[in-house]
Protein chains: 2
Amino acid sequence: MKQDIDGPYLRSGQVAERAGVNLQTLRYYERRGLIAEPRRSPGGHRAYPPETVTLLTVIKAAQRLGFTLEEVAELIDTGRRGHPTPDLRARAQAKIAEVDARIADLTTIRTALTQVVAAGCDSLTHCTCPDCPLPFTDLAAGRTPEES
Amino acid sequence: MKQDIDGPYLRSGQVAERAGVNLQTLRYYERRGLIAEPRRSPGGHRAYPPETVTLLTVIKAAQRLGFTLEEVAELIDTGRRGHPTPDLRARAQAKIAEVDARIADLTTIRTALTQVVAAGCDSLTHCTCPDCPLPFTDLAAGRTPEES
DNA sequence: TTGCATCCGGTACCTAGGTACAGGTTTACC
DNA sequence: GGTAAACCTGTACCTAGGTACCGGATGCAA
(Lines give C-alpha, C1' and ligand atoms only; values in the text may rest on other atoms or scores of the structure.)
Protein backbone atom coordinates (compact mmCIF):
# COMPACT_ATOMS: atom_id res chain seq x y z
CA MET A 1 0.00 0.00 0.00
CA LYS A 2 1.39 3.32 -0.98
CA GLN A 3 0.01 5.58 1.70
CA ASP A 4 -3.05 6.19 3.80
CA ILE A 5 -3.11 9.74 2.57
CA ASP A 6 -4.54 9.88 -0.92
CA GLY A 7 -5.25 13.56 -1.43
CA PRO A 8 -2.85 16.04 -2.95
CA TYR A 9 -1.10 16.40 0.35
CA LEU A 10 2.36 17.86 0.47
CA ARG A 11 5.31 16.90 2.57
CA SER A 12 6.91 19.49 4.77
CA GLY A 13 9.88 19.91 2.46
CA GLN A 14 7.62 20.56 -0.50
CA VAL A 15 5.62 23.15 1.39
CA ALA A 16 8.76 24.87 2.58
CA GLU A 17 10.23 24.97 -0.90
CA ARG A 18 7.06 26.19 -2.61
CA ALA A 19 6.52 28.90 -0.02
CA GLY A 20 10.16 29.83 0.00
CA VAL A 21 10.64 29.35 3.71
CA ASN A 22 12.97 27.28 5.80
CA LEU A 23 11.74 23.91 6.98
CA GLN A 24 12.44 24.91 10.56
CA THR A 25 10.39 28.04 10.07
CA LEU A 26 7.43 25.88 9.12
CA ARG A 27 7.58 24.07 12.42
CA TYR A 28 8.24 27.29 14.23
CA TYR A 29 5.04 28.74 12.80
CA GLU A 30 3.19 25.63 13.85
CA ARG A 31 4.42 26.09 17.42
CA ARG A 32 3.44 29.75 17.28
CA GLY A 33 -0.06 28.82 16.15
CA LEU A 34 0.19 30.46 12.75
CA ILE A 35 -0.47 27.29 10.85
CA ALA A 36 -2.62 24.42 12.08
CA GLU A 37 -1.09 21.14 13.06
CA PRO A 38 -1.32 19.07 9.89
CA ARG A 39 -2.36 15.44 9.75
CA ARG A 40 0.34 12.87 9.81
CA SER A 41 1.40 9.90 7.77
CA PRO A 42 1.37 6.55 9.61
CA GLY A 43 5.04 7.07 10.30
CA GLY A 44 4.56 10.51 11.77
CA HIS A 45 5.52 12.68 8.82
CA ARG A 46 3.50 15.84 8.33
CA ALA A 47 1.06 15.92 5.41
CA TYR A 48 -0.08 19.39 4.47
CA PRO A 49 -3.04 20.48 2.39
CA PRO A 50 -1.89 22.62 -0.56
CA GLU A 51 -3.56 25.75 0.85
CA THR A 52 -0.80 25.85 3.41
CA VAL A 53 1.49 27.30 0.76
CA THR A 54 -0.94 30.15 0.18
CA LEU A 55 -1.26 30.72 3.88
CA LEU A 56 2.48 31.04 4.17
CA THR A 57 2.68 33.63 1.41
CA VAL A 58 -0.06 35.56 3.17
CA ILE A 59 1.85 35.43 6.43
CA LYS A 60 4.94 36.70 4.67
CA ALA A 61 2.92 39.48 3.05
CA ALA A 62 1.56 40.58 6.41
CA GLN A 63 5.05 40.56 7.83
CA ARG A 64 6.21 42.79 5.00
CA LEU A 65 3.43 45.18 5.96
CA GLY A 66 4.98 45.44 9.39
CA PHE A 67 2.77 43.10 11.38
CA THR A 68 4.43 40.98 14.02
CA LEU A 69 3.88 37.24 14.03
CA GLU A 70 1.63 37.63 17.04
CA GLU A 71 -0.50 40.14 15.20
CA VAL A 72 -0.62 37.90 12.17
CA ALA A 73 -1.72 35.00 14.35
CA GLU A 74 -4.52 37.10 15.76
CA LEU A 75 -5.59 38.26 12.33
CA ILE A 76 -5.73 34.69 11.07
CA ASP A 77 -7.59 33.67 14.20
CA THR A 78 -10.31 36.30 14.08
CA GLY A 79 -10.62 35.66 10.36
CA ARG A 80 -11.15 31.97 10.93
CA ARG A 81 -14.02 32.10 13.40
CA GLY A 82 -16.25 34.24 11.15
CA HIS A 83 -14.81 37.71 11.50
CA PRO A 84 -16.92 39.38 14.18
CA THR A 85 -15.26 42.68 13.39
CA PRO A 86 -13.73 44.03 10.24
CA ASP A 87 -10.50 43.57 12.11
CA LEU A 88 -8.04 43.76 9.28
CA ARG A 89 -9.00 47.29 8.25
CA ALA A 90 -8.81 48.58 11.80
CA ARG A 91 -5.48 46.89 12.33
CA ALA A 92 -4.12 48.24 9.09
CA GLN A 93 -5.14 51.74 10.08
CA ALA A 94 -3.48 51.34 13.46
CA LYS A 95 -0.38 50.08 11.72
CA ILE A 96 -0.36 53.13 9.48
CA ALA A 97 -0.28 55.28 12.60
CA GLU A 98 2.65 53.23 13.92
CA VAL A 99 4.49 53.62 10.64
CA ASP A 100 3.87 57.36 10.66
CA ALA A 101 5.22 57.64 14.18
CA ARG A 102 8.30 55.70 13.22
CA ILE A 103 8.85 57.88 10.17
CA ALA A 104 8.54 60.96 12.35
CA ASP A 105 11.15 59.55 14.73
CA LEU A 106 13.50 58.83 11.88
CA THR A 107 12.97 62.29 10.45
CA THR A 108 13.94 63.83 13.78
CA ILE A 109 17.03 61.65 13.88
CA ARG A 110 17.86 62.64 10.34
CA THR A 111 17.69 66.29 11.25
CA ALA A 112 20.00 65.76 14.20
CA LEU A 113 22.45 63.86 12.03
CA THR A 114 22.56 66.64 9.47
CA GLN A 115 23.30 69.05 12.30
CA VAL A 116 26.26 66.91 13.27
CA VAL A 117 27.53 66.98 9.73
CA ALA A 118 26.84 70.68 9.23
CA ALA A 119 28.50 71.69 12.49
CA GLY A 120 31.56 69.70 11.55
CA CYS A 121 31.65 67.62 14.71
CA ASP A 122 34.86 65.65 14.67
CA SER A 123 34.60 63.55 17.79
CA LEU A 124 31.89 62.12 19.96
CA THR A 125 33.81 62.70 23.13
CA HIS A 126 36.04 65.67 22.37
CA CYS A 127 34.32 67.59 19.64
CA THR A 128 36.15 70.80 18.89
CA CYS A 129 33.57 72.33 16.61
CA PRO A 130 31.83 75.53 17.68
CA ASP A 131 28.19 75.24 18.72
CA CYS A 132 28.49 71.47 18.89
CA PRO A 133 24.96 70.08 18.89
CA LEU A 134 25.91 66.97 20.86
CA PRO A 135 24.38 65.50 22.92
CA PHE A 136 20.82 65.56 21.73
CA THR A 137 19.18 65.17 25.08
CA ASP A 138 15.86 66.26 23.65
CA LEU A 139 15.83 63.35 21.22
CA ALA A 140 13.20 61.01 22.58
CA ALA A 141 15.20 58.38 24.39
CA GLY A 142 14.38 54.74 24.14
CA ARG A 143 12.36 54.91 20.97
CA THR A 144 15.13 54.14 18.57
CA PRO A 145 16.28 50.77 19.88
CA GLU A 146 12.79 49.32 20.05
CA GLU A 147 9.81 48.97 17.75
CA SER A 148 11.18 48.05 14.35
CA MET B 1 42.41 56.23 56.78
CA LYS B 2 39.34 56.90 54.82
CA GLN B 3 40.24 55.46 51.49
CA ASP B 4 43.17 55.00 49.15
CA ILE B 5 41.22 56.83 46.54
CA ASP B 6 41.27 60.52 47.30
CA GLY B 7 40.01 62.09 44.09
CA PRO B 8 36.39 62.90 43.36
CA TYR B 9 35.83 59.35 42.29
CA LEU B 10 32.33 57.97 42.04
CA ARG B 11 30.97 54.59 42.97
CA SER B 12 29.19 52.57 40.32
CA GLY B 13 25.79 53.31 41.79
CA GLN B 14 26.43 57.03 41.72
CA VAL B 15 27.56 56.93 38.10
CA ALA B 16 24.56 54.86 37.13
CA GLU B 17 22.15 57.19 38.87
CA ARG B 18 23.69 60.39 37.51
CA ALA B 19 23.78 59.04 33.98
CA GLY B 20 20.32 57.56 34.29
CA VAL B 21 21.35 54.05 33.37
CA ASN B 22 21.00 50.73 35.08
CA LEU B 23 23.91 49.49 37.15
CA GLN B 24 24.03 46.32 35.11
CA THR B 25 24.21 48.39 31.95
CA LEU B 26 27.33 50.04 33.26
CA ARG B 27 29.08 46.73 33.60
CA TYR B 28 27.67 45.61 30.30
CA TYR B 29 29.24 48.64 28.60
CA GLU B 30 32.51 47.87 30.31
CA ARG B 31 32.41 44.35 28.90
CA ARG B 32 31.56 45.76 25.47
CA GLY B 33 34.54 48.08 25.63
CA LEU B 34 32.50 51.29 25.61
CA ILE B 35 33.86 52.51 28.89
CA ALA B 36 37.32 51.77 30.21
CA GLU B 37 37.85 49.49 33.16
CA PRO B 38 37.93 51.85 36.11
CA ARG B 39 40.37 51.64 38.98
CA ARG B 40 39.27 49.76 42.03
CA SER B 41 39.04 50.34 45.72
CA PRO B 42 41.18 48.02 47.86
CA GLY B 43 38.13 45.84 48.28
CA GLY B 44 37.48 45.61 44.57
CA HIS B 45 34.73 48.17 44.17
CA ARG B 46 34.84 50.25 41.01
CA ALA B 47 35.89 53.89 41.35
CA TYR B 48 34.99 56.01 38.35
CA PRO B 49 36.28 59.41 37.34
CA PRO B 50 33.42 61.91 37.00
CA GLU B 51 33.87 62.18 33.21
CA THR B 52 32.36 58.74 32.97
CA VAL B 53 28.95 60.30 33.47
CA THR B 54 29.51 62.56 30.48
CA LEU B 55 30.72 59.64 28.43
CA LEU B 56 27.55 57.76 29.21
CA THR B 57 25.34 60.63 28.10
CA VAL B 58 27.34 60.80 24.89
CA ILE B 59 26.86 57.10 24.32
CA LYS B 60 23.14 57.50 24.87
CA ALA B 61 23.06 60.44 22.46
CA ALA B 62 24.81 58.42 19.78
CA GLN B 63 22.35 55.59 20.31
CA ARG B 64 19.48 58.00 19.85
CA LEU B 65 21.04 58.99 16.54
CA GLY B 66 20.73 55.40 15.44
CA PHE B 67 24.25 54.15 16.01
CA THR B 68 24.66 50.64 17.33
CA LEU B 69 26.80 50.04 20.38
CA GLU B 70 29.46 48.55 18.17
CA GLU B 71 29.53 51.68 16.05
CA VAL B 72 29.66 53.84 19.16
CA ALA B 73 32.57 51.80 20.45
CA GLU B 74 34.42 52.34 17.19
CA LEU B 75 33.70 56.06 17.22
CA ILE B 76 35.01 56.37 20.76
CA ASP B 77 38.02 54.29 19.83
CA THR B 78 39.06 56.23 16.75
CA GLY B 79 38.43 59.43 18.68
CA ARG B 80 40.70 58.33 21.49
CA ARG B 81 43.83 57.57 19.50
CA GLY B 82 44.00 61.00 17.83
CA HIS B 83 41.38 60.82 15.10
CA PRO B 84 43.29 59.85 11.97
CA THR B 85 40.16 60.49 9.93
CA PRO B 86 37.26 62.81 10.48
CA ASP B 87 35.38 59.63 11.17
CA LEU B 88 32.32 61.01 12.88
CA ARG B 89 31.22 63.12 9.95
CA ALA B 90 31.62 60.27 7.49
CA ARG B 91 29.76 57.92 9.78
CA ALA B 92 26.99 60.42 10.30
CA GLN B 93 26.60 60.81 6.57
CA ALA B 94 26.46 57.06 6.10
CA LYS B 95 23.89 56.88 8.86
CA ILE B 96 21.78 59.50 7.10
CA ALA B 97 21.75 57.28 4.04
CA GLU B 98 20.62 54.35 6.20
CA VAL B 99 17.88 56.45 7.73
CA ASP B 100 16.74 57.57 4.30
CA ALA B 101 16.58 53.99 3.09
CA ARG B 102 14.57 52.99 6.11
CA ILE B 103 12.16 55.88 5.61
CA ALA B 104 11.73 54.85 1.98
CA ASP B 105 10.91 51.30 3.09
CA LEU B 106 8.38 52.55 5.56
CA THR B 107 6.82 54.81 2.96
CA THR B 108 6.36 51.87 0.64
CA ILE B 109 4.79 49.90 3.45
CA ARG B 110 2.55 52.81 4.26
CA THR B 111 1.32 52.93 0.69
CA ALA B 112 0.56 49.23 0.72
CA LEU B 113 -1.33 49.57 3.99
CA THR B 114 -3.47 52.38 2.62
CA GLN B 115 -4.28 50.14 -0.32
CA VAL B 116 -5.50 47.48 2.06
CA VAL B 117 -7.70 50.00 3.82
CA ALA B 118 -8.94 51.58 0.61
CA ALA B 119 -9.78 48.26 -1.03
CA GLY B 120 -11.74 47.24 2.02
CA CYS B 121 -9.90 44.00 2.62
CA ASP B 122 -11.71 42.16 5.38
CA SER B 123 -9.57 39.09 5.88
CA LEU B 124 -5.98 38.10 5.41
CA THR B 125 -6.87 34.63 4.29
CA HIS B 126 -10.31 34.98 2.73
CA CYS B 127 -10.59 38.54 1.58
CA THR B 128 -13.79 39.11 -0.33
CA CYS B 129 -12.99 42.58 -1.59
CA PRO B 130 -12.66 43.14 -5.33
CA ASP B 131 -9.17 43.79 -6.64
CA CYS B 132 -7.67 42.66 -3.37
CA PRO B 133 -4.09 43.91 -3.28
CA LEU B 134 -2.85 41.09 -1.06
CA PRO B 135 -0.29 39.64 -1.10
CA PHE B 136 2.29 42.31 -1.80
CA THR B 137 4.87 40.03 -3.30
CA ASP B 138 6.71 43.01 -4.75
CA LEU B 139 7.29 44.46 -1.30
CA ALA B 140 10.98 43.91 -0.64
CA ALA B 141 11.05 40.84 1.54
CA GLY B 142 13.29 40.58 4.54
CA ARG B 143 13.89 44.27 4.97
CA THR B 144 11.15 44.91 7.47
CA PRO B 145 12.13 42.52 10.22
CA GLU B 146 15.76 43.57 10.30
CA GLU B 147 17.71 46.81 10.55
CA SER B 148 15.95 48.95 13.10
C1' DT C 1 31.44 46.64 66.13
C1' DT C 2 27.36 46.10 64.34
C1' DG C 3 24.15 46.64 60.88
C1' DC C 4 22.59 47.77 56.50
C1' DA C 5 23.14 49.61 51.93
C1' DT C 6 25.89 48.89 48.20
C1' DC C 7 28.71 46.34 45.26
C1' DC C 8 31.06 42.09 43.50
C1' DG C 9 31.34 38.17 39.82
C1' DG C 10 28.87 34.78 37.37
C1' DT C 11 25.12 33.21 35.23
C1' DA C 12 20.57 33.08 33.41
C1' DC C 13 16.85 35.34 31.20
C1' DC C 14 14.24 38.59 28.04
C1' DT C 15 12.21 40.02 23.06
C1' DA C 16 11.48 38.52 17.97
C1' DG C 17 12.06 35.70 14.51
C1' DG C 18 14.04 32.41 13.32
C1' DT C 19 18.28 28.78 12.29
C1' DA C 20 21.25 24.77 13.23
C1' DC C 21 22.60 20.46 14.92
C1' DA C 22 22.40 15.66 16.79
C1' DG C 23 20.75 11.27 16.70
C1' DG C 24 17.20 8.43 15.25
C1' DT C 25 13.09 7.00 12.04
C1' DT C 26 10.47 6.81 7.61
C1' DT C 27 9.77 7.05 2.79
C1' DA C 28 10.76 6.32 -1.75
C1' DC C 29 12.93 4.33 -5.40
C1' DC C 30 15.61 0.67 -7.74
C1' DG D 1 15.47 -5.60 0.45
C1' DG D 2 18.79 -2.17 0.39
C1' DT D 3 20.06 2.51 0.49
C1' DA D 4 19.79 7.45 0.39
C1' DA D 5 17.08 11.37 0.94
C1' DA D 6 13.80 13.30 3.62
C1' DC D 7 11.77 13.75 7.88
C1' DC D 8 11.13 13.39 13.05
C1' DT D 9 11.83 15.48 18.10
C1' DG D 10 14.40 18.08 21.16
C1' DT D 11 17.56 21.28 22.21
C1' DA D 12 20.84 24.88 21.58
C1' DC D 13 22.24 28.97 19.30
C1' DC D 14 21.96 33.60 16.86
C1' DT D 15 21.49 39.14 16.98
C1' DA D 16 21.17 43.49 20.06
C1' DG D 17 20.82 45.55 24.08
C1' DG D 18 20.22 44.97 27.97
C1' DT D 19 17.97 43.11 32.81
C1' DA D 20 17.52 40.04 36.84
C1' DC D 21 18.98 37.04 40.35
C1' DC D 22 22.20 34.75 43.58
C1' DG D 23 25.31 34.21 47.33
C1' DG D 24 28.89 36.48 49.23
C1' DA D 25 32.04 40.55 50.18
C1' DT D 26 32.72 45.50 51.11
C1' DG D 27 31.85 50.39 52.63
C1' DC D 28 30.28 53.48 55.72
C1' DA D 29 28.19 55.52 59.63
C1' DA D 30 26.56 55.42 64.39
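Because only heavy atoms are used, hydrogens play no part in the values below, and waters and symmetry mates are left out as well, while side chains stay in. The chains referred to below are lettered A, B, ... by the order of the sequence lines, with proteins before strands, and numbering in each begins at 1. Nothing here was measured: the structure is a model prediction, and the numbers come from that model.
Remark: C1' of C/dG18 and CD of A/E30 are 15 Å apart, rounded to the nearest angstrom. Between B/I59 atom CD1 and D/dG18 atom C1' the separation is 14 Å, expressed in whole Å. Here D/dA5 presents its P atom at 16 Å from CD of A/E17, a figure rounded to the nearest Å. When the P atom of C/dT26 is taken as reference, atom OH of A/Y9 falls 21 Å away, rounded to whole Å. Rounded to whole Å, atom C1' of C/dG17 lies 15 Å from atom CG of A/L26.
Close to D/dG27, at under 4.0 Å from its OP1 or OP2, lies a side-chain N or O of B/S41. The side chain of A/K60 places no N or O atom within less than 4.0 Å of a non-bridging phosphate oxygen (OP1 or OP2) of C/dG17. Proximity of A/N22 to the phosphate of C/dA20: a side-chain N or O atom is located under 4.0 Å from OP1 or OP2. For the pair A/Y29 and C/dG18, the criterion of a side-chain N or O lying under 4.0 Å from OP1 or OP2 is met.
Checking B/E30, B/R11, B/E37 one by one against B/R46, the side-chain contact (heavy atoms from CB on, under 4.5 Å) holds for a single residue, B/E30.
For A/R91 and A/F67, the positive end is not near the middle of the six-membered ring at less than 6.0 Å and at most 45° from its axis.
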Protein-nucleic acid N or O pairs under 3.5 Å, nucleotides 12-16 of chain D:
none

Taking N or O atoms only and anything under 3.5 Å, show me the protein contacts with nucleotides 7-10 of chain C, one pair per line.
{"from": "C/dC7", "atom 1": "OP1", "to": "B/G13", "atom 2": "N", "distance (Å)": "2.6"}
{"from": "C/dC7", "atom 1": "O5'", "to": "B/S12", "atom 2": "OG", "distance (Å)": "3.4"}
{"from": "C/dC8", "atom 1": "OP1", "to": "B/R46", "atom 2": "N", "distance (Å)": "2.8"}
{"from": "C/dC8", "atom 1": "OP1", "to": "B/R46", "atom 2": "NH1", "distance (Å)": "2.9"}
{"from": "C/dC8", "atom 1": "OP2", "to": "B/S12", "atom 2": "OG", "distance (Å)": "3.2"}
{"from": "C/dC8", "atom 1": "OP2", "to": "B/R46", "atom 2": "NH1", "distance (Å)": "3.4"}
{"from": "C/dC8", "atom 1": "O5'", "to": "B/R46", "atom 2": "NH1", "distance (Å)": "3.4"}
{"from": "C/dG9", "atom 1": "OP1", "to": "B/R40", "atom 2": "NH1", "distance (Å)": "3.0"}
{"from": "C/dG9", "atom 1": "OP1", "to": "B/R40", "atom 2": "NH2", "distance (Å)": "2.8"}
{"from": "C/dG9", "atom 1": "OP2", "to": "B/R46", "atom 2": "NH1", "distance (Å)": "2.7"}
{"from": "C/dG9", "atom 1": "OP2", "to": "B/R46", "atom 2": "NH2", "distance (Å)": "2.7"}
{"from": "C/dG9", "atom 1": "N7", "to": "B/R27", "atom 2": "NH1", "distance (Å)": "3.2"}

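Within 6.0 Å of the CD atom in A/E17, the count of heavy atoms belonging to other residues, nucleotides or ligands does not exceed 12.
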